[in-house]
Amino acid sequence: MSAGDSEVIYLDNNATTRVAPEVLEAMLPFFGDRYGNPSGIYRFGGEVRRRVERAREQVAALIGAQPSEIIFTSCGSESDNMALKGFYREHGDKAKIITSAVEHPAVRNTARFLGDDRGVPLTELPVDGDGMISPSVIDSQDINPHTLVSLMWANNETGVIFPIRELAEKVKARGGIFHTDAVQAAGKVPINVKDTPADMLALSGHKLHAPKGIGAAYFRTGMPVNPLIHGGHQENGLRAGTENVPYIIGLGRACELALERQNDENTRVRALRDRLERELLAKCKGAKLNGHPKERLPNTTNISFENIEGEAILLHLDHAGIAASSGSACTTGSLEPSHVMMSMNIPYNYAHSSTRFSLSIYNSDSDVDKVISVMPGIVDKLRSLSPFT
Ligand code: PLP
């Protein structure tokens, strides 16, 4: 699948995704003649309000929530901030936060801000060499009704899926509050807050074929919600600002599509990913998989190539018309291995070359063929130039 005019093979879908044509189509009228303010009491606004509420139902359906439990935000980061900072405002001096060592900066840096700036006691739970967390780590933690445990549903770099249901159940059994950053999981694996007792959850539009700049926060009925943005009465007074109507409509449609396609399309994506992974591990010398071999998002593979510089791999792939990523997009710019690789204790000569290929429903067999055909040559060439060898 091309990613625009340049016919790029786009394998960086954990960074962002293409807006689905169906999503764009649903949004366009709201940039055009359906520009009414949903708060208007005239029919022109009322119709828009109904579409916003329909979108709320579509988002809720993707995660098994009630529409009244969904708040539209500007992005996943805002949803995470709303959960963590709102929790702190509610619990003040008694607040305590537990996260994992591999959280996305949206949670990690928010928790660290509350720790450093507000003195909230903060624990970052370790992961094993596969990037997996063991539910038993919860048992040794001191958890009470003023403790927030925030653990990601799936990791953005490795795709590793945490045993969220078990973790949430353990936290709830001890009286704690459970938040999960489901930004990478939503739309790729089934999520149902009826089975998984999460109190709060974050998701983001641009990871599931809606545009950048729209997200949603789930707060279970009865959970106190503290707004980050004060002002008007929008979103029940919990997130002020005139609604970003076209993007909300787009997020709703994207969630509806994701739910429809969840089984068939993700099975197809998984087969593509598995073939890519199998072939790269077999054909590239010194290749090693990062992350749990089974408990992973169907679209993600993260592979290291011993003694090679990850940035150099990406540049060579780019030259071949392939877009991939080393670690998370938010950490590129730094040449240090990511905190995720470091937390997994990946040796430096591997961590440095960690390369993430993240697929989407728009990828095809020929995309995978192309990567398999160029990658062994790139690895051989870079290794022959490597100062390590
Ligand atoms: N959480 C995870 C796991 C992510 O992967 C990302 C984005 O990469 C975010 C949060 C932040 O989402 P957004 O870009 O919508 O703020």
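In each ligand, atom 1 is the first atom listed, and ligand 1 is the first ligand listed. Source: prediction; values computed, not measured.
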>> Quick one, Ile191 and Thr196 - any side-chain contact, counting heavy atoms below 4.5 Å?
In response: no
> Where do Glu47 and Arg34 land on the salt bridge (Lys or Arg N to Asp or Glu O under 4.0 Å) test, with the steps shown first?
Replying inline: CA-CA 9 Å; Glu47 175 56 19; Arg34 298 174 78 174; 2.9 Å; yes
> Short list, please: which atoms of ligand 1 are under 4.0 Å from a heavy atom of Ser204?
Replying inline: 13 (P), 15 (O)
> Taking distance alone, with no angle check, do His104 and ligand 1 share an N/O pair under 3.5 Å?
Replying inline: yes
> Hey, does Ile303 have a side-chain heavy atom less than 4.5 Å from the side chain of Thr355?
Replying inline: no
> Out of Ser77, Cys75, Ala15, who gets a non-hydrogen atom closest to atom 11 (C) of ligand 1?
Replying inline: Ser77
>> Checking the N or O distance criterion of under 3.5 Å, is ligand 1 in contact with Ala106?
In response: no
> Which atoms of ligand 1 sit under 4.0 Å from any heavy atom of Gln184?
Replying inline: 3 (C), 4 (C), 5 (O)
>> Looking at Val102, is its backbone amide N or carbonyl O close enough to the side chain of Asn155 to form a donor-acceptor pair, meaning the two atoms are under 3.5 Å apart?
In response: yes
> Which atoms from ligand 1 have a heavy atom of His206 less than 4.0 Å away?
Replying inline: 13 (P), 14 (O), 15 (O)
> Just which atoms of ligand 1 are under 4.0 Å from any heavy atom in Asn156?
Replying inline: 3 (C), 5 (O)
>> Taking a cutoff of less than 4.0 Å between a non-hydrogen atom of the residue and any ligand atom, is Glu78 in contact with ligand 1?
In response: no
